[in-house]
Protein chains: 2
Amino acid sequence: MSHLVYGRLMSVDRTQVLRAAAALLSRRATATMDEVARAAGIGRATLHRQFAGRDALVRALEELGIQELEAAHDRARTDEGPADEAVRRLVAEVEPVAPLLSFLVTENQLFEGDQQNEGWARLDARVSDLFRRGQEEGTFRIDLTPAWLTEALYGLIGSGAWAVQDGRVAAKDFQYMIAELLLGGARRSVEK
Amino acid sequence: MSHLVYGRLMSVDRTQVLRAAAALLSRRATATMDEVARAAGIGRATLHRQFAGRDALVRALEELGIQELEAAHDRARTDEGPADEAVRRLVAEVEPVAPLLSFLVTENQLFEGDQQNEGWARLDARVSDLFRRGQEEGTFRIDLTPAWLTEALYGLIGSGAWAVQDGRVAAKDFQYMIAELLLGGARRSVEK
DNA sequence: ACCAGATGAGACATCAATGTCTCATTCGAT
DNA sequence: ATCGAATGAGACATTGATGTCTCATCTGGT
């Protein structure tokens with residue numbers, strides 16, 4: 001019993017399947033279960049054995065996304081140093097998860113916002129806290145609510161991910177474009 | 001033949017149906033044809049008589065959205081006056097169309113972006129031109145490309161529409177939040 | 001009042017995706 | 001090499017939405 005993983009016999013790598021699914025669904029949110037299976041290099045039956053159904057798959061993707069976002073937050077140490085620099089670090093760390101994030105956000109929009117998942121609430125709170133801290137430190141303007149800044153960050157990350165995927169923005173500019181617009185806006189400022 | 005409209009006998013108001021569809025689909029993008037029909041107060045058969053199918057309905061919504069956005073642009077006179085003020089006017093004029101716009105944007109993302117609709121291309125060009133003009137006038141920073149600023153504007157409008165619909169942002173703050181963030185960013189600036 | 005045309009309701013066939021199941025094959029541990 | 005477990009491929013039933021059709025009813029113009 002050397003290959004027991006989580007009490008089950010090992011077989012297909014669950015995480016690997018999830019990553020393949022994320023990669024595909026981020027591009028085409030309407031991809032079928034069969035397509036997901038092929039993208040993951042496994043049979044449809046096996047996919048169904050691992051995830052009871054499409055809903056279960058999406059929920060698993062949600063968990064994965066939340067995990068990775070939490071990890072990104074941790075790595076970015078958003079509670080340390082100047083708030084604007086923390087935002088930059090956060091954007092940088094979130095970049096790899098951006099396509100999955102935008103998929104999950106739109107997915108959540110589709111299915112009526114019945115139950116605000118606890119994980120999302122916690123993430124929202126972390127982002128929101130960051131902006132609030134920036135306001136208290138005098139770095140961020142106080143006429144834009146932390147809730148809106150949080151929404152805007154998600155929105156810009158989604159737009160950025162999609163613009164990159166579509167070739168309208170170079171991948172290397174992703175972090176810069178988002179962070180700069182979010183922090184400094186489009187208007188030319190006197191400083192700098 | 002007093003009630004001939006566009007060569008067809010009048011009956012249900014096509015535009016009114018489209019508006020009802022827009023209102024519903026903007027909230028629940030997966031709403032069924034039957035739901036759309038009920039929302040419009042007509043029978044499903046009649047809905048099918050007017051729009052060959054779901055695709056046709058969405059395409060009609062697309063045309064409607066494009067029309068209204070063009071009209072918003074015209075009213076905002078985005079080629080007059082300082083670019084930043086033009087952006088403000090544009091955001092204000094676009095606000096009523098925001099939910100429909102965000103629906104169409106995500107819808108377009110779902111179906112593979114094979115052929116860029118001519119209408120969207122023209123709208124993109126108008127927005128893009130506005131930002132370019134601002135850069136040439138020295139109002140906007142030049143390190144953010146017009147293409148990205150255009151994406152960002154759409155993204156923020158979508159986020160704003162959704163945040164309002166979800167009650168996380170007050171409807172009355174919609175224009176201000178978007179325009180201020182887009183123009184000035186989150187960082188507190190020295191001026192003002 | 002009459003009539004052509006449009007509507008609404010529902011029956012119906014179709015279609016695509018989903019979920020379940022079977023079975024031969026393959027893989028890994030021993 | 002052998003055995004048990006997992007896989008892949010495909011058959012199959014189910015489901016939900018779609019699109020078509022019919023027919024009774026209604027409406028607006030004459």
Side-chain angles (χ1 to χ4, degrees), chain A residues 1-62 103 106-107 109-112 114, chain B residues 1-62 103 106-107 109-112 114:
Chain A
M1 60 163 63
S2 61
H3 53 302
L4 279 183
V5 180
Y6 297 126
R8 285 181 190 161
L9 275 173
M10 184 171 76
S11 43
V12 282
D13 184 343
R14 192 185 143 98
T15 299
Q16 196 172 333
V17 171
L18 278 179
R19 295 205 174 282
L24 175 59
L25 290 175
S26 296
R27 276 181 295 122
R28 299 200 313 121
T30 58
T32 188
M33 288 294 273
D34 190 80
E35 293 174 300
V36 172
R38 288 181 192 286
I42 63 176
R44 196 166 66 95
T46 306
L47 181 60
H48 271 90
R49 283 185 195 109
Q50 295 242 346
F51 304 98
R54 196 172 218 286
D55 291 358
L57 175 62
V58 172
R59 260 181 283 128
L61 280 176
E62 209 166 19
F103 163 72
T106 61
E107 192 78 4
Q109 287 179 193
L110 294 187
F111 296 120
E112 43 194 317
D114 42 3
Chain B
M1 61 161 63
S2 61
H3 53 302
L4 279 183
V5 180
Y6 297 127
R8 285 180 191 161
L9 276 173
M10 185 171 77
S11 43
V12 281
D13 184 344
R14 192 185 142 98
T15 299
Q16 196 172 335
V17 172
L18 278 179
R19 295 206 174 280
L24 175 58
L25 290 175
S26 295
R27 277 181 293 121
R28 299 200 314 121
T30 59
T32 186
M33 288 293 274
D34 190 79
E35 293 174 300
V36 172
R38 290 182 191 286
I42 65 176
R44 197 165 66 94
T46 306
L47 181 60
H48 270 91
R49 284 184 195 109
Q50 296 241 345
F51 305 97
R54 194 172 219 285
D55 291 359
L57 175 62
V58 172
R59 259 181 284 126
L61 280 176
E62 208 166 19
F103 164 71
T106 61
E107 191 78 3
Q109 285 181 191
L110 294 187
F111 295 119
E112 41 194 319
D114 43 1

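In the text below, chain A, chain B and the rest are named by the order of the sequence lines, each starting its count at 1.
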Between [N] ([atom2]) and [X] ([atom1]): distance, integer Å:
X	N	atom1	atom2	value
B:Asp13	C:dA6	CG	P	16 Å
A:Leu47	D:dA9	CG	P	13 Å
B:Leu57	D:dT18	CG	P	10 Å
A:Gln50	D:dT7	CD	P	6 Å
A:Phe51	C:dT20	CZ	P	15 Å
A:Leu25	C:dA17	CG	P	14 Å

Where along residues 31-42 of chain A does a heavy atom come under 4.0 Å from DNA chain D, residue by residue in number order?
A:Gly41, A:Ile42
The salt bridge (Lys or Arg N to Asp or Glu O under 4.0 Å) partners of B:Arg38 (sequence neighbours excluded) come to B:Asp34
So which protein N/O to nucleotides 12-14 of chain C N/O distances come out below 3.5 Å?
none

Check side-chain hydrogen bond (donor to acceptor under 3.5 Å, both in side chains) between [X] and all other residues, then give those that pass, not counting sequence neighbours.
X	value
B:Arg19	B:Glu68
B:Arg27	none
B:Gln16	none

Tell me the bend of the helix from C:dA1-D:dT30 to C:dT30-D:dA1 as the angle between end helix axes, each from five pairs, rounded to the nearest 10 degrees.
30°
According to side chain to side chain contact (heavy atoms under 4.5 Å, CB included), who are the partners of A:Ala31, at least two apart in sequence or on a separate chain?
A:Leu24, A:Leu25, A:Arg28, A:Glu35
For B:Ala40, all residues meeting side chain to side chain contact (heavy atoms under 4.5 Å, CB included), sequence neighbours excluded
B:Val17, B:Ala20, B:Ile42
Looking at D:dG19, D:dT7, C:dT18, which one has an atom nearest to any side-chain atom of B:Arg54?
D:dG19
Consider the side chain of B:His48, meaning its heavy atoms from C-beta on, and name the nucleotide among D:dT7, C:dT20, D:dT18 that approaches it most closely.
D:dT18
Got a list of protein N/O to nucleotides 13-16 of chain D N/O distances below 3.5 Å?
none

Which part of the nucleic acid, if any, lies within reach of B:Arg49 when heavy atoms closer than 4.0 Å are counted: base, sugar-phosphate only, or nothing?
base
Within less than 4.0 Å of OP1 or OP2 of C:dG8, is there a side-chain N or O belonging to B:Thr46?
yes
